[in-house]
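Proteins get letters first, then strands, A, B, ... in listed order; numbering begins at 1 in each. Because only heavy atoms are used, hydrogens play no part in the values below, and waters and symmetry mates are left out as well, while side chains stay in.
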There are 2 protein chains.
Amino acid sequence: MRTKSITIKDVAKKAGVSIATVSRYMNNPSSVKGKNRVKLEQIVKDLNYKPLLYARRLAGGKMNTYGLIIPGYEDIFYSFYALETIRGVAAALNKRGVDLHLHIAGSKDSYNSSLVEGIIFADVIENMEQLRRLARENVPIVVINKKIEDIDVSYVAIDNFKGGYDATEFLIQHGHRDIVHLAGDLRVQCAMERLEGYKAALAKAGLPYKEELVKIINFSDRETRIALEEMFELRKFPSSIFCCSDKVAREVLIFAEEKGIKIPDDLSIIGFDDNQLMSYGHYMLTTVRQPLIEMAEEGVKMLMEIVNGKMKKKCGVMLKPEVIVRDTVSFYKKS
Amino acid sequence: MRTKSITIKDVAKKAGVSIATVSRYMNNPSSVKGKNRVKLEQIVKDLNYKPLLYARRLAGGKMNTYGLIIPGYEDIFYSFYALETIRGVAAALNKRGVDLHLHIAGSKDSYNSSLVEGIIFADVIENMEQLRRLARENVPIVVINKKIEDIDVSYVAIDNFKGGYDATEFLIQHGHRDIVHLAGDLRVQCAMERLEGYKAALAKAGLPYKEELVKIINFSDRETRIALEEMFELRKFPSSIFCCSDKVAREVLIFAEEKGIKIPDDLSIIGFDDNQLMSYGHYMLTTVRQPLIEMAEEGVKMLMEIVNGKMKKKCGVMLKPEVIVRDTVSFYKKS
DNA sequence: CTGAAAGCGCTAACAC
DNA sequence: GTGTTAGCGCTTTCAG
């Protein structure tokens with residue numbers, strides 16, 4: 001059984017002062033004077049007294065904990081994006097001495113916000129209603145990795161449209177006209193925006209948009225392979241592929257190796273993420289880097305300002321992705 | 001300003017019952033009968049009433065949150081081990097509908113356990129005193145990745161001695177007699193045990209232990225490189241290397257590539273971790289897999305039993321690592 | 001500067 | 001089965 005922890009009363013009794021004085025001392029030592037302070041200093045250390053945060057909170061104090069809510073899609077703990085986000089947020093909070101309360105959103109919106117002072121929403125997919133509810137409850141909130149238009153909530157997102165645009169344009173500049181896009185789940189904002197960027201870059205270059213060149217593979221290795229097999233069987237392999245993630249690009253590389261397709265001579269590939277998983281291998285993958293860590297840092301910074309009342313109105317920040325040129329894209333050669 | 005949230009009183013008033021009835025309903029709906037229950041069902045949903053967890057806790061209830069404490073060494077968020085642990089614990093808790101309170105231990109033991117019902121300590125390095133303190137406070141605790149002898153606390157660890165032994169023995173079985181060990185920080189239990197396993201395997205095979213073959217490189221790429229350069233300059237390169245982590249092995253592979261050392265013909269390498277970072281590349285790394293995810297799962301399971309009072313006495317579980325045979329170890333060839 | 005006292009929202013006896 | 005009530009440990013007026 002958990003021993004009764006020492007309380008403010010114990011400290012007060014031992015010091016011969018009232019609990020109010022102890023409370024004041026804990027929250028602002030310099031408000032207690034003379035030998036009372038000296039005594040309290042000593043006793044608090046001796047007893048290793050730590051106020052119960054929930055009691056303090058009930059009486060109106062702080063908990064020093066922020067929440068991070070991530071949508072609970074399948075294999076989330078194997079997703080580069082999710083892990084990188086957790087890492088980024090944890091690091092940003094850690095730097096500020098704040099603890100992290102992690103919640104994976106499920107189907108039933110059970111989240112109880114009473115344990116945190118503010119919440120970072122990492123992406124919002126099926127849990128939009130949850131976001132609405134929490135926003136209604138006036139919990140300080142910052143959404144990261146998604147632009148929020150219709151709710152009065154601050155966000156910091158990445159310009160995925162530009163990412164898709166730049167990746168596609170990069171291929172076009174290398175002479176490719178035959179560009180397949182392996183796209184993610186289009187219900188996910190970033191996947192949709194990357195696709196839009198792809199379309200826009202084609203249009204800009206005066207290239208026709210062909211629906212059959214876009215394969216929705218939902219970020220999945222298995223579906224990627226199916227799509228590749230199909231194109232291969234039908235002898236409809238393109239000269240270049242823009243992949244919605246590096247993990248997908250990896251699957252393409254593996255497939256190419258199996259089939260004896262030369263990279264980048266026979267096929268150019270550009271990924272998305274700059275996942276370190278791909279930074280060492282047969283090929284150095286050309287890709288688009290998203291500043292996920294910076295996004296988390298920025299989000300935490302904003303949230304802290306909101307919690308501390310230093311930011312009153314909604315604010316939206318857009319971060320730019322960047323093409324990382326490595327070895328898997330070459331100039332188009334007519335074969 | 002955060003709107004006052006709706007409380008048990010609001011619900012009670014609206015339903016025309018006492019707050020005690022509401023409380024009972026929230027904790028055990030079937031204890032409230034007839035139309036009171038029907039009314040409460042409706043009203044709780046309408047108002048979206050959620051009890052404040054800290055108030056509930058203060059009155060003796062549950063928070064449904066477990067803590068995870070990780071020592072705050074440098075670059076922790078880039079460590080395979082730490083990330084894998086966070087992932088494993090988060091997944092195990094998530095499966096059980098419990099939230100995670102993550103704390104990175106700093107130099108000053110500021111952790112306030114009042115927000116959690118139990119704690120997973122992932123490893124214990126410089127925060128041993130913190131563990132002692134929390135154990136003294138009788139918070140339910142399970143330590144993972146470290147054997148705890150002197151405190152009355154349950155643990156689940158990995159048999160790193162066996163891991164080091166098996167890795168070394170594997171090299172010996174392939175005819176190597178000249179085996180360098182790149183060791184981690186020896187203050188970390190797992191690093192020390194792997195080294196002991198290395199020594200034991202040598203002894204078992206009747207090979208002499210030579211101190212100059214062990215390089216303490218502290219899991220660091222930079223120090224690994226320094227050690228390699230030195231061996232290379234002095235023309236003291238061995239026929240095989242046992243690395244304390246896959247990341248270190250990766251650095252060795254990169255170095256070998258630069259110097260034109262053929263893997264595995266000129267040099268055999270075995271790593272430790274089975275880090276997916278290494279599962280795709282020029283070489284398929286032979287390594288020792290640690291069951292980190294299983295360890296986290298087991299730890300959470302044990303903790304939950306302790307919290308629920310189903311386990312009263314200390315218990316220790318050892319998990320076995322396993323050699324994963326791939327392509328970077330070959331039979332020794334006299335050159 | 002310090003103490004007394006009134007809650008914060010909830011649970012858990014204890015009555016009825 | 002349901003209501004009444006006494007706290008849980010802390011902060012915060014309000015006096016002194």
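For B/Lys314, there are no salt bridge (charged side-chain N to carboxylate O under 4.0 Å, His left out) partners, not counting sequence neighbours. A/Asn160 pairs by the side chain to side chain donor-acceptor pair (under 3.5 Å) definition with A/Arg194, not counting sequence neighbours. By the side chain to side chain donor-acceptor pair (under 3.5 Å) test, B/Thr21 is found to be paired with B/Ser18, residues two or more places apart in sequence or in another chain being considered. Every residue two or more places apart in sequence or in another chain was checked for a salt bridge (charged side-chain N to carboxylate O under 4.0 Å, His left out) with A/Asp46, and none qualifies. Scanning for salt bridge (charged side-chain N to carboxylate O under 4.0 Å, His left out) contacts around A/Glu149 gives an empty result, with sequence neighbours left out. Partners of B/Lys13 according to the salt bridge (charged side-chain N to carboxylate O under 4.0 Å, His left out) rule, which considers only residues two or more places apart in sequence or in another chain, do not exist here.
For residues 78-97 of chain B, every residue pair satisfying the salt bridge (Lys or Arg N to Asp or Glu O under 4.0 Å) rule, not counting sequence neighbours, is listed here: B/Glu84-B/Arg87, B/Lys95-B/Glu297, B/Arg96-B/Glu297.
The stretch residues 10-29 of chain B touches DNA chain D through B/Val17, B/Ser18, B/Ala20, B/Thr21, B/Arg24, each having a heavy atom within less than 4.0 Å of the strand. Within residues 33-54 of chain B, the residues approached by DNA chain D to less than 4.0 Å at the level of any non-hydrogen atom are B/Lys33, B/Asn36, in residue-number order.
Taking side-chain N and O atoms only, A/Arg56 has no distance below 4.0 Å to OP1 or OP2 of D/dG9.
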Could you pull out every donor-acceptor pair under 3.5 Å between side chains of residues 122-130 of chain B and any protein atom, sequence neighbours left out?
| from | atom 1 | to | atom 2 | distance (Å) |
| --- | --- | --- | --- | --- |
| B/Asp123 | OD2 | B/Tyr81 | OH | 3.4 |
| B/Asp123 | OD2 | B/Asn145 | ND2 | 3.3 |
| B/Asn127 | OD1 | B/Ile125 | N | 2.9 |
| B/Asn127 | ND2 | B/Gln130 | OE1 | 3.3 |
| B/Glu129 | OE2 | B/Arg136 | NH2 | 3.1 |
| B/Gln130 | NE2 | B/Asp109 | OD1 | 3.1 |

Using atom types as modelled, flag every donor-acceptor pair under 3.5 Å from a side chain in residues 32-41 of chain A to any protein atom, sequence neighbours excluded.
| from | atom 1 | to | atom 2 | distance (Å) |
| --- | --- | --- | --- | --- |
| A/Lys33 | NZ | A/Ser30 | O | 3.2 |
| A/Arg37 | NH1 | A/Val32 | O | 2.9 |
| A/Lys39 | NZ | A/Ala15 | O | 3.1 |

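Separating the CD1 atom in B/Ile19 from the CG atom in B/Asp10 is a distance of 11.5 Å, to the nearest 0.5 Å. For the atom pair CG (A/Asn112) and NE2 (A/His101), the distance works out to 8.5 Å, reported to the nearest 0.5 Å.
Distance NZ (A/Lys9) to P (C/dA5): 14 Å, rounded to an integer number of Å. When the P atom of C/dC8 is taken as reference, atom CE of A/Met63 falls 18 Å away, rounded to whole Å. The distance from atom CD1 of A/Ile8 to atom P of C/dA4 is 14 Å, rounded to the nearest whole Å.
Axis deviation across the helix from C/dC1-D/dG16 to C/dC16-D/dG1 amounts to 30°, comparing end segments of five pairs, rounded to 10 degrees.
Residue A/Ala59 places its side chain closer to D/dG9 than to any other of C/dC10, C/dT2, D/dG9.
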